[in-house]
Visitor: 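Okay, here's the structure, questions in a sec.
Please read all numbers here as calculations on a predicted model, not as lab measurements. Letters go in sequence order (proteins before strands), and every chain restarts at 1.
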Amino acid sequence: MRLTVTTWNINSIRIRLPLIRQFLATCRPDILCLQEIKCRDAEFPWNEVRGLGFEHVEISGQKGYHGVAVLSRLPLATVEKGAFCRHGHARHIAVTLGADAGTAAGVTIHNFYVPAGGDVPDPALNPKFEHKLHFMDCMMAGPTRLRATRAVLVGDLNVAPLETDVWSHKALLSVVSHTPVEVDLFGRVQAAGPWVDAMREKFDPAEKLFTWWSYRSPDWESADKGRRLDHVWLSPDLRDNLEAITVHKEARGWEKPSDHVPVTAVLQL
DNA sequence: ATGGTTGTGGAACAA
């Protein structure tokens with residue numbers, strides 16, 4: 001069977017429902033992982049989301065900020081949330097597909113929203129940056145250490161690791177998301193799985209590849225000062241099951257867009 | 001070096 005997984009930082013699910021509908025008109029993933037839903041569980045548009053065809057919905061929400069959700073057409077067996085974050089932010093949810101999910105049964109999907117880290121790239125001066133590093137430390141080696149077998153890890157990881165993951169490597173060396181300390185730690189988190197960078201399996205690492213363009217640039221497309229902050233990682237046993245990756249860049253140009261675009265992985269299981 | 005925009009919630013904060 002084919003398993004299709006999309007990750008999308010939606011930047012408020014309540015005002016972005018029309019955009020999700022627009023996306024689903026051309027791409028109908030089995031699993032849609034959302035970040036920055038920005039609502040409490042009770043404020044989540046449950047009925048609308050079920051109306052979109054996702055019968056199985058798990059969310060970790062909080063008031064106003066952050067928040068992650070997994071929307072699934074396939075049955076889920078287990079759900080975990082709340083790990084990795086010292087401050088109790090809603091930044092992670094993991095699901096395992098149920099025994100009745102065909103050959104995808106037992107696959108685990110981690111959905112992450114790693115802290116952005118503020119503006120100053122110095123953990124001694126900026127608590128948000130220190131928290132970002134701590135969060136990644138927990139992903140790598142914490143008590144809730146990830147087990148990378150039959151697993152997919154997606155989300156807004158808020159790090160652009162490669163020189164080609166930013167519009168200008170030189171210009172962004174001291175900009176949070178692309179600093180050497182973050183990139184180094186990001187690499188160690190990836191190696192700890194170990195995890196396969198699925199996007200770079202399909203897109204030449206020598207080519208620029210972005211998933212986010214700031215709102216603060218009205219001419220985002222012509223300026224093209226993007227970054228690859230959103231990621232799809234696979235456990236190594238699933239590397240050969242990866243059929244395709246799509247970066248839905250067109251979504252950045254839709255009406256009232258998120259600043260992030262969806263990324264979709266197709267696995268043949 | 002600065003400022004540029006968006007969302008929540010109704011000021012200030014996060015991104």
Visitor: Tell me whether the count of non-hydrogen atoms from other residues, nucleotides or ligands lying under 6.0 Å of CZ in A:R2 goes above 12.
Guide: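 Not more than 12 within 6.0 Å, no.
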
Visitor: Counting just side-chain N and O atoms, does A:H66 come under 4.0 Å of either OP1 or OP2 of B:dA15?
Guide: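 Answer yes for this pair, as a side-chain N or O of A:H66 is under 4.0 Å from OP1 or OP2.
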
Visitor: Where does the angle between the aromatic ring planes of A:F135 and A:H131 fall among parallel (under 30°), tilted (30 to 60°) and perpendicular (over 60°)?
Guide: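 Rings of A:F135 and A:H131: perpendicular, as their planes differ by over 60°.
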
Visitor: For atom P, what is the distance between B:dG9 and B:dA14, given to the nearest Å?
Guide: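 Approximately 14 Å lies between the P atom of B:dG9 and that of B:dA14.
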
Visitor: Taking the six-membered ring for Trp and the single ring otherwise, decide whether the centroids of A:H134 and A:F84 are under 6.0 Å apart.
Guide: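 No, too far apart.
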
Visitor: Quick check: are there more than 12 heavy atoms from other residues, nucleotides or ligands sitting under 6.0 Å from NZ of A:K249?
Guide: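 It does: A:K249 NZ has more than 12 such atoms within range.
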
Visitor: Output one letter per nucleotide in nucleotides 1-12 of chain B: B when a protein non-hydrogen atom lies under 4.0 Å from the base, S when only the sugar-phosphate is that close, - when neither is.
Guide: ---BBSSSS---

Visitor: For B:dA15 versus B:dG4, give the span between their C1' atoms, rounded off to a whole number of Å.
Guide: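 Here B:dA15 and B:dG4 have their C1' atoms 14 Å from each other.
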
Visitor: NA contact type, A:R227, heavy-atom cut-off 4.0 Å: base, sugar-phosphate, or nothing?
Guide: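 Counting heavy atoms under 4.0 Å across all strands, no contact is made by A:R227.
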
Visitor: Only one of A:H87, A:H92, A:H89 forms a ring-ring contact (aromatic ring centres under 6.0 Å, His included) with A:H66, so which one is it?
Guide: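 Of the listed options, the one satisfying the test is A:H89.
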
Visitor: For A:T164, run the side chain to side chain donor-acceptor pair (under 3.5 Å) check against A:R200, A:E207, A:R228, A:H169 and tell me which one passes.
Guide: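 Among A:R200, A:E207, A:R228, A:H169, the one meeting side chain to side chain donor-acceptor pair (under 3.5 Å) with A:T164 is A:R200.
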
Visitor: Between B:dG10 and B:dT6, how far apart are the two C1' atoms, rounded to whole Å?
Guide: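 Between the two C1' atoms, the distance is 16 Å.
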
Visitor: Roughly how many Å is it from NZ in A:K132 to P in B:dA15, rounded to a whole number?
Guide: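 Checked: the NZ to P distance equals 10 Å.
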
